[in-house]
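Heads up, the thing below is written out as structure tokens.
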Amino acid sequence: MDAVRIGARIKAVRKARGLTQAELAQEVDITPKYLSNIECGAKVPKLETFIEIANALEVDANTLLVDVLTVSSAIISTEISEQLAALSPHERKRIKRIFDVMIEDAVK
């Protein structure tokens with residue numbers, strides 16, 4: 001298990017939700033230091049704590065594990081779709097052109 005990647009995902013979701021470490025730690029009933037250790041990958045939370053973190057962040061476990069799951073392509077596709085939906089039509093076209101170039105380069 002890659003604790004660093006899981007911790008980084010927890011941190012990214014926490015920040016996206018506008019929560020500080022202290023706020024999330026309080027909601028999950030752990031210390032901010034322990035949450036910091038989880039986010040930097042120094043500690044792996046028990047399953048119960050992981051579930052409480054996911055619930056507090058209002059995300060499913062797959063969202064927090066996407067970077068370490070081998071079957072995560074559907075999750076990544078959903079994330080990309082959500083991000084694209086938030087863009088203007090002009091921005092979406094620009095991203096599509098960039099994406100096309102990247103795909104073309106990858107298959108060479």
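In this text the structure is predicted, and so the values were computed from the model without any measurement. Along the sequence shown, residues carry numbers from 1. All heavy atoms count here, side chains included; hydrogens, waters and symmetry mates do not.
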Value for CD1 (Ile80) from CG (Leu84), rounded to nearest 0.5 Å, stands at 7.5 Å
Are side-chain heavy atoms of Arg9 and Arg5 found at a separation under 4.5 Å? no
Donor-acceptor pairs under 3.5 Å, side chain of residues 40-57 to any protein atom, not counting sequence neighbours: which ones?
unit_1, atom_1, unit_2, atom_2, d
Asn55, ND2, Ile51, O, 3.4

| message | With a sphere of 6.0 Å drawn around CD of Glu23, does it hold more than 12 non-hydrogen atoms of other residues, nucleotides or ligands? | response | yes
field: Check: Leu87 main-chain N/O paired with Arg92 side-chain donor or acceptor under 3.5 Å
entry: yes
When rounded to the nearest 0.5 Å, the distance separating CD1 of Ile10 from OG1 of Thr63 is 11.5 Å
Arg14/Glu39 ion pair, N-O < 4.0 Å: yes
_Go through it in stages, so that I can follow the logic: the residues are Asn62 and Val66, the test is side-chain contact (heavy atoms from CB on, under 4.5 Å), and I'd like the CA-CA distance, side-chain angles, deciding distance and then a yes or no._
CA-CA 6 Å; Asn62 288 340; Val66 68; over 6 Å; no
Between the CD atom in Glu27 and the CG atom in Leu19, the distance rounded to the nearest 0.5 Å is 6.5 Å
message = Looking at Asp100, I want to see if its CG is surrounded by more than 12 non-hydrogen atoms of other residues, nucleotides or ligands under 6.0 Å.
response = yes
Minimal heavy-atom distance between Leu35 and Gln21, with the atoms involved, is CD2-O, 3.3 Å
Tracing side-chain contacts under 4.5 Å among Ile, Leu, Val, Met, Phe, Trp and Tyr outward from Met102 reaches Ile98
In this structure, OH of Tyr34 is separated from CG of Asp29 (nearest 0.5 Å) by 12.5 Å
